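Worth saying up front: this structure is predicted, and the values here are computed from it rather than measured. Reminder, nothing fancy here: chain letters follow the sequence lines and each chain counts from 1.
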Amino acid sequence: MNKNRNDRSTSSGSAPTILWLRKDLRLGDHHALKAAADRGVPVVALYIREPGEDLGPLGPAQSWWLHHSLARFDEDLQRLGNRLILRSGEAGKVIETLIAETGADTVYWNRRYDPAGSAADTRIKAALEKAGVAVQSFAGQLLHEPMRMKTKSGTPFRVYAPFWRAFEAQGEPDLPVDAPSTLPAPAHLPKSESLDNWALLPTQPDWASEFSAIWTPGEAGARDRLERFVEERLKDYRAGRETPARDGSSGLSPHLAMGEISPATVWHATNGLSSRIKSDEIVAFRREIVWREYAYHLLVHHPDLPRVNINRRFDRLDWQGDEDDFRRWCRGETGFPIVDAGMRQLWRHGAMHNRVRMIAASFLVKDLLIDWRRGEAWFRHTLVDADPANNGVNWQWVAGCGADAAPFFRVFNPILQGEKFDPKGIYVRRFVPEVAKLPDRYIHRPFEAPASVLAEACITLGKTYPKPQVDHAKARDRALSAYRSVKDAA
DNA sequence: GCAAACTTGAA
DNA sequence: TCAAGTTTG
């Protein structure tokens with residue numbers, strides 16, 4: 001710990017390290033933070049509100065999350081004897097300014113992998129090094145570096161299964177590193193902007209009112225969520241994650257998206273449990289963690305994937321659907337209860353059950369024939385777990401224009417999917433109370449219920465609950481012919 | 001160059 | 001049963 005200090009003492013004394021934090025607001029398993037602590041000089045912990053990311057600013061749901069995450073992280077830093085410094089502006093300029101203010105001679109950060117972010121980092125690193133500042137970047141947002149994995153022929157993977165096998169062949173991911181016990185601050189802390197002035201919380205305060213009942217942003221909340229998941233839900237993961245009413249998923253995605261917990265921490269929390277929990281369940285969960293790795297692998301090799309069809313043949317697809325169609329989907333007024341339940345859960349909770357995401361997304365793309373990019377944008381706006389890689393990759397998967405060669409005729413039937421995965425309508429009734437009194441038999445198809453049943457359930461279709469936006473069978477045929485024409489044109 | 005394989009389906 | 005077409009080893 002003292003070695004570095006002695007090395008530097010002749011030139012720069014105890015010039016501080018700037019620790020630039022991004023979507024890695026945690027103390028545990030944070031390689032840049034650990035390395036900064038180990039230097040034994042004061043650390044300036046910096047978070048920059050940058051003007052534009054690739055896809056524009058964070059959506060309002062994730063901005064709500066960021067507000068609380070920054071506040072928690074500042075509290076955590078205070079326990080280590082430090083504070084979080086907030087600044088706005090173009091990152092390179094902000095760091096230069098802060099170097100001038102503090103006399104820092106070193107900048108550390110954890111790498112990011114979104115195309116705009118990593119390109120910016122490369123530029124900033126070059127500029128700082130030219131100015132004589134030492135810059136070091138660290139891994140930690142992913143289990144393995146996404147550019148490292150290659151097929152036997154040296155190309156990037158396009159298909160998940162072989163990617164998974166190659167991932168497994170790399171052996172266990174590195175163990176997480178511990179949080180440091182102190183992180184000394186400089187004698188004079190640089191000025192910080194005020195978090196409240198950043199106005200990250202929604203302007204309609206009632207919008208996010210339910211978020212805080214469900215989510216606890218911050219590292220402690222993430223670790224608590226992980227612990228409870230491993231204790232309670234992992235043993236029945238495969239069935240639980242397919243059952244919207246039970247929601248057996250881990251709920252870790254927003255924490256991972258903000259870097260409040262590292263994937264290595266999550267991975268290794270599922271080690272050493274084999275006596276209590278079947279290995280099939282653990283593998284199933286790990287495969288989901290590795291899907292995130294795979295999404296970043298694709299994003300690195302297809303930097304425009306959030307906007308551009310990976311399979312360019314789909315550029316010619318003749319999308320339909322008007323503003324009103326789109327608005328009804330956003331609001332959960334499609335007339336298909338499972339879709340509406342999902343879209344309303346999204347609005348109320350900032351998240352939607354995985355199975356229902358597929359159903360709702362398929363409905364937008366196939367039944368309404370609306371461009372997947374509009375759905376992607378809405379999800380980015382409303383999801384607390386919006387992730388530049390996952391969101392684009394999964395929308396492209398649903399739309400059929402992604403890296404995999406899924407059959408184009410796979411169209412989810414919202415009625416059958418509802419009956420299969422929410423047979424008792426528990427999930428639907430929770431989010432679509434106006435159909436709650438329907439018997440199970442009609443809960444996913446109110447438009448087929450006899451008049452007497454509707455009357456009994458106090459439903460007037462078109463008034464108390466919407467008529468179905470499309471006839472699914474016809475919509476399916478329309479989608480198939482649109483997709484077929486793209487195929488034939490090739 | 002060939003065979004096997006491919007997250008999540010519908011009728 | 002149907003019905004694609006590419007990726008990977």
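Salt bridge annotation for A:Arg72-A:Glu260: absent, with no cationic side-chain nitrogen under 4.0 angstrom from a carboxylate oxygen. The pair A:Arg22-A:Glu50 does not meet the salt-bridge criterion, since no charged nitrogen lies less than 4.0 angstrom from a carboxylate oxygen.
The aromatic ring centres of A:His381 and A:Trp347 sit 6.0 Å or more apart. The distance between the ring centers of A:Phe167 and A:Trp267 falls below 6.0 angstrom. Between A:Tyr108 and A:Phe138, the gap from one ring centroid to the other is short of 6.0 Å. Taking the centre of each ring, A:Tyr47 and A:Phe73 stay at or above the 6.0 Å mark.
Nearest to the side-chain atoms of A:Phe409 among the listed nucleotides B:dT7, C:dA4, B:dA10 stands C:dA4. When each of B:dT8, B:dA11, B:dT7 is scored by its nearest atom to the side-chain atoms of A:Trp397, the top-ranked nucleotide is B:dT8. With distances taken from any side-chain atom of A:Val159 to the nucleotides B:dA11, C:dG9, B:dC6, the minimum falls on B:dC6. When distances run from any side-chain atom of A:Glu288 to the nucleotides B:dT7, B:dA11, B:dT8, the shortest one goes to B:dT7. Comparing B:dT7, C:dT8, B:dA11 by their nearest atom to the side chain of A:Arg476 picks out B:dA11.
Separating the NE2 atom of A:His353 from the P atom of B:dT7 is a distance of 20 Å, rounded to the nearest angstrom. Distance CG (A:Leu416) to P (B:dT8): 17 Å, rounded to an integer number of Å. Whole-Å rounding puts the A:Phe163 CZ to C:dT8 P distance at 11 Å. The distance between atom CH2 of A:Trp291 and atom C1' of B:dT7, rounded to the nearest whole Å, is 5 Å. Distance A:Tyr483 OH to B:dA10 P: 15 Å, rounded to the nearest Å. For the pair A:Arg357 CZ and B:dT7 P, the interatomic distance rounds to 20 Å; values are reported in whole Å. In this entry the distance linking NZ of A:Lys366 with C1' of B:dA10 reads 12 Å, nearest Å. Here the P atom of nucleotide C:dA4 and the CZ atom of A:Arg484 are 7 Å apart, to the nearest Å.
In terms of phosphate contacts, A:Arg313 brings a side-chain nitrogen or oxygen within less than 4.0 Å of OP1 or OP2 of C:dT6. Phosphate contact (OP1/OP2 of B:dT8, side-chain N/O of A:Asn354, threshold under 4.0 Å): absent. Taking 4.0 angstrom as the limit, A:Arg410 places a side-chain polar atom (N or O) nearer than this to OP1 or OP2 of B:dT8. Applying the 4.0 Å criterion to OP1 and OP2 of B:dT8, one finds that A:Gln417 has every side-chain N and O outside that range.
Classified by interplanar angle (parallel below 30°, tilted 30° to 60°, perpendicular above 60°), the ring pair A:His297/A:Phe157 is tilted.
Under the stacking definition used here (centres under 5.5 Å, planes under 30°), the residue A:Tyr160 fails to qualify as stacked on the base of B:dT7.
With P as the reference atom, C:dG9 and B:dT7 are 13 Å apart, rounded to whole Å. Nucleotides B:dC6 and C:dA3 have their C1' atoms positioned 14 Å apart, rounded to a whole Å.
Residue A:Arg355 is classed as a base contact, given a heavy-atom separation below 4.0 Å to a base.
Stem list for DNA chain B (at least 3 consecutive Watson-Crick or G-U pairs, distances under 3.5 Å): B:2-6 with C:5-9.
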Next on the checklist: The test is side chain to side chain donor-acceptor pair (under 3.5 Å); show your working for A:Asn271 and A:Glu172 and say whether it passes.
Outcome noted: CA-CA 10 Å; A:Asn271 263 334; A:Glu172 281 282 287; 2.9 Å; yes
